[in-house]
*Asks:* 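Can you keep this structure in mind? I'll have questions shortly.
These numbers come from a predicted model, not from an experiment. Counting from 1, the numbers follow the sequence of the chain as shown. Just so you know, these numbers use all the heavy atoms, side chains as well, and skip hydrogens, waters and symmetry mates.
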Amino acid sequence: MRRFYADLEMAEGRNVTLDAEESRHIRDVLRLRVGDEVALFDGRGREFAARIDEILKKETRLGIVREIVPTAPESEFRLTLAVALLKSDKFDLVVQKAVELGVTGLIPLVTRRTDVKPNDVGKRAERWRKIALEASKQCGRAQLMDVAEPVEFSKFCAERNGEASVAIFSERGGAPFGSLPPSKALTSVTGPEGGWDDAELELAKSSGFSVITLGGRILRAETAAVSIAAILQHRFGDLN
């Protein structure tokens, strides 16, 4: 079934109305008709089968038929990615793949070597949330990944100071991956294309974060964020 997002309280027997944008997609792109069955998810983990009752120019009306099990179950391992901002569509890719890998939340970081114009940072958060929504539709998740507003690395460290469940990944000066203890929740921190500044690594250490190095591997920033998420889900989550 085609999947649509509805931020509503849904239950069997209730009616739901989708907005003009979703209606255009239903009518002009997918060419669905009255009587067709689709799936609706609420972004909080629940999904329902619904029947199209009426397709209008600016809205589509549906009736909830029954609750169904989402195609992609949520991992019991709560993984948050804190990722240094990247140029162009590289960060868009990280957002999309993080959703597919079952990441719970994503925090964009502004670091010393972040090569992104400050004026562009605030405008991009809403775009990333739309990318996360579209990725959820495609991969079968019924829970939306939370995308936070971009934050300075120093502020992030201050807010997480003393937390044992934060691991910062660096190409130097860290312990092996196997030193991470089993966990039900973890925040993975990956740096910018130019790597971490020495002062940032020292700040992370003084904040109580675990510094981890992936052996001799030197990965591109976007590759590191996605690969580490996959490794962590395999080690602690449901990719096994």
*Asks:* Okay, side chain of Thr223, backbone of Leu219: is any donor-acceptor separation there less than 3.5 Å?
*Replies:* no

*Asks:* Closer than 3.5 angstrom, by distance alone: can the side chain of Gln233 be matched with the main-chain N or O of Leu101 as a donor-acceptor pair?
*Replies:* yes

*Asks:* Answer whether the closest heavy-atom distance between the side chains of Val83 and Pro108 falls below 4.5 Å.
*Replies:* no

*Asks:* Tell me the closest heavy-atom pair linking Leu180 and Ala167, and the distance in Å.
*Replies:* CD2-CB, 3.9 Å

*Asks:* So with a 6.0 Å cut-off around CZ of Arg78, is the heavy-atom count from everything else above 12?
*Replies:* no

*Asks:* Do Glu67 and Arg46 make a side-chain contact, defined as non-hydrogen atoms from C-beta onward lying under 4.5 Å apart?
*Replies:* yes

*Asks:* Would you indicate whether Arg113, at its atom CZ, is surrounded by more than 12 heavy atoms from other residues, nucleotides or ligands within a distance under 6.0 Å?
*Replies:* yes

*Asks:* I need the minimum non-hydrogen distance between Ala225 and Val94, along with the two atoms involved.
*Replies:* CB-CG1, 4.1 Å

*Asks:* Could you tell me which non-hydrogen atom of Val99 sits nearest to which non-hydrogen atom of Cys139, and how far apart they are?
*Replies:* CG1-SG, 4.0 Å

*Asks:* Taking the inter-plane angle between the rings of Phe4 and His25 on a 0 to 90° scale, is it parallel (under 30°), tilted (30 to 60°) or perpendicular (over 60°)?
*Replies:* perpendicular

*Asks:* What closest approach, in Å, do Ala230 and Leu239 show between heavy atoms, and which atom pair accounts for it?
*Replies:* O-CD1, 4.0 Å

*Asks:* Test side chain to side chain contact (heavy atoms under 4.5 Å, CB included) on Ser179 and Ile212; report intermediate values, then the result.
*Replies:* CA-CA 8 Å; Ser179 65; Ile212 304 296; 3.6 Å; yes

*Asks:* Using a cut-off of 6.0 Å, state whether more than 12 heavy atoms not belonging to Lys87 lie near its atom NZ.
*Replies:* no

*Asks:* Do Arg61 and Glu59 pass the side chain to side chain contact (heavy atoms under 4.5 Å, CB included) test, and can you show the C-alpha distance, the side-chain angles, and the key distance before you say yes or no?
*Replies:* CA-CA 7 Å; Arg61 297 170 184 167; Glu59 63 182 37; 2.8 Å; yes

*Asks:* What's the separation between atom CZ in Phe209 and atom CD1 in Ile168, rounded to the nearest 0.5 Å?
*Replies:* 7.5 Å

*Asks:* Would you call Phe41 and Ser136 a side-chain contact if the rule is heavy atoms closer than 4.5 Å?
*Replies:* yes

*Asks:* Looking at Leu62 and Thr60, what are the two nearest heavy atoms and their distance?
*Replies:* CD1-O, 3.7 Å

*Asks:* Please report the interatomic distance OG(Ser23) to CD1(Ile55), rounded to the nearest 0.5 Å.
*Replies:* 8.0 Å

*Asks:* Residues in salt bridge (Lys or Arg N to Asp or Glu O under 4.0 Å) with Asp198, at least two apart?
*Replies:* Arg172

*Asks:* Please check if the number of heavy atoms outside Glu163 that lie under 6.0 Å from its CD is greater than 12.
*Replies:* yes

*Asks:* With the side chain counted from C-beta on, respond yes when Arg127 and Lys130 share a heavy-atom pair under 4.5 Å apart, and no when they do not.
*Replies:* no

*Asks:* Would you find a donor on one side and an acceptor on the other, under 3.5 Å apart, between the side chain of Thr80 and the backbone of Leu106?
*Replies:* no

*Asks:* Is any side-chain heavy atom of Asp53 less than 4.5 Å from a side-chain heavy atom of Val34?
*Replies:* no

*Asks:* Is the shortest distance from a Lys or Arg side-chain nitrogen in Glu9 or Arg14 to a carboxylate oxygen in the other one below 4.0 Å?
*Replies:* no

*Asks:* Just how far is it from atom CD1 of Ile26 to atom CG of Asp36, taken to the nearest 0.5 Å?
*Replies:* 9.5 Å

*Asks:* Can you get from Leu79 to Leu214 by hopping between Ile, Leu, Val, Met, Phe, Trp and Tyr side chains that sit under 4.5 Å apart?
*Replies:* yes

*Asks:* Specify the closest pair of heavy atoms between Gly174 and Thr213, including all atoms of both residues, with the distance to one decimal.
*Replies:* N-OG1, 3.1 Å

*Asks:* Looking at Ser207 and Leu203, would you say the former's side chain and the latter's main chain have a donor-acceptor pair under 3.5 Å?
*Replies:* yes

*Asks:* Contact between Leu133 and Leu144 at the side-chain level, heavy atoms closer than 4.5 Å - yes or no?
*Replies:* yes

*Asks:* Consider only side-chain heavy atoms of I, L, V, M, F, W and Y, link residues closer than 4.5 Å, and tell whether Ile131 and Leu86 are in one cluster.
*Replies:* yes

*Asks:* Please tabulate, one pair per line, all N/O donor-acceptor pairs under 3.5 Å involving side-chain atoms of residues 185-195, not counting sequence neighbours.
*Replies:*
{"from": "Thr187", "atom 1": "OG1", "to": "Arg160", "atom 2": "NH1", "distance (Å)": "2.9"}
{"from": "Glu193", "atom 1": "OE2", "to": "Lys90", "atom 2": "NZ", "distance (Å)": "2.6"}

*Asks:* With a 4.0 Å cut-off on N to O distance, would you call Glu22 and Arg24 a salt bridge?
*Replies:* no

*Asks:* Any link between Leu93 and Val147 through a network of hydrophobic side chains (Ile, Leu, Val, Met, Phe, Trp, Tyr) touching at under 4.5 Å?
*Replies:* no

*Asks:* For the hydrophobic clusters of this structure (ILVMFWY residues joined by side-chain heavy atoms under 4.5 Å, transitively), does one cluster hold both Trp128 and Ile107?
*Replies:* no

*Asks:* Report the C-alpha separation of Trp196 and Phe169 in whole Å, then their side-chain angles, then the decisive distance to 0.1 Å, and conclude whether the ring pair (Phe, Tyr, Trp, His ring centres under 6.0 Å) test is met.
*Replies:* CA-CA 9 Å; Trp196 293 110; Phe169 289 84; over 10 Å; no

*Asks:* Side chains of Val38 and Ile52: closer than 4.5 Å at any heavy-atom pair?
*Replies:* yes

*Asks:* Salt-bridged, Lys205 to Glu200, with N to O below 4.0 Å?
*Replies:* no

*Asks:* Check each of Arg66, Arg3, Arg2 against Glu37 using the salt bridge (Lys or Arg N to Asp or Glu O under 4.0 Å) test, and report the only one that passes.
*Replies:* Arg66

*Asks:* Is there side-chain contact between Leu32 and Arg27, with at least one heavy-atom pair below 4.5 Å?
*Replies:* no

*Asks:* Treating Ile, Leu, Val, Met, Phe, Trp and Tyr as nodes and any side-chain heavy-atom pair under 4.5 angstrom as an edge, say whether Leu232 and Leu109 lie in one connected cluster.
*Replies:* no

*Asks:* Look up atom CZ in Phe48 and atom CD1 in Ile68, then write down how far apart they are to the nearest 0.5 Å.
*Replies:* 9.0 Å

*Asks:* Rounded to the nearest 0.5 Å, what separation is found between the CZ atom of Arg235 and the CZ atom of Phe77?
*Replies:* 10.0 Å

*Asks:* When rounded to the nearest 0.5 angstrom, what is the spacing between CZ in Arg44 and CD in Glu74?
*Replies:* 13.5 Å

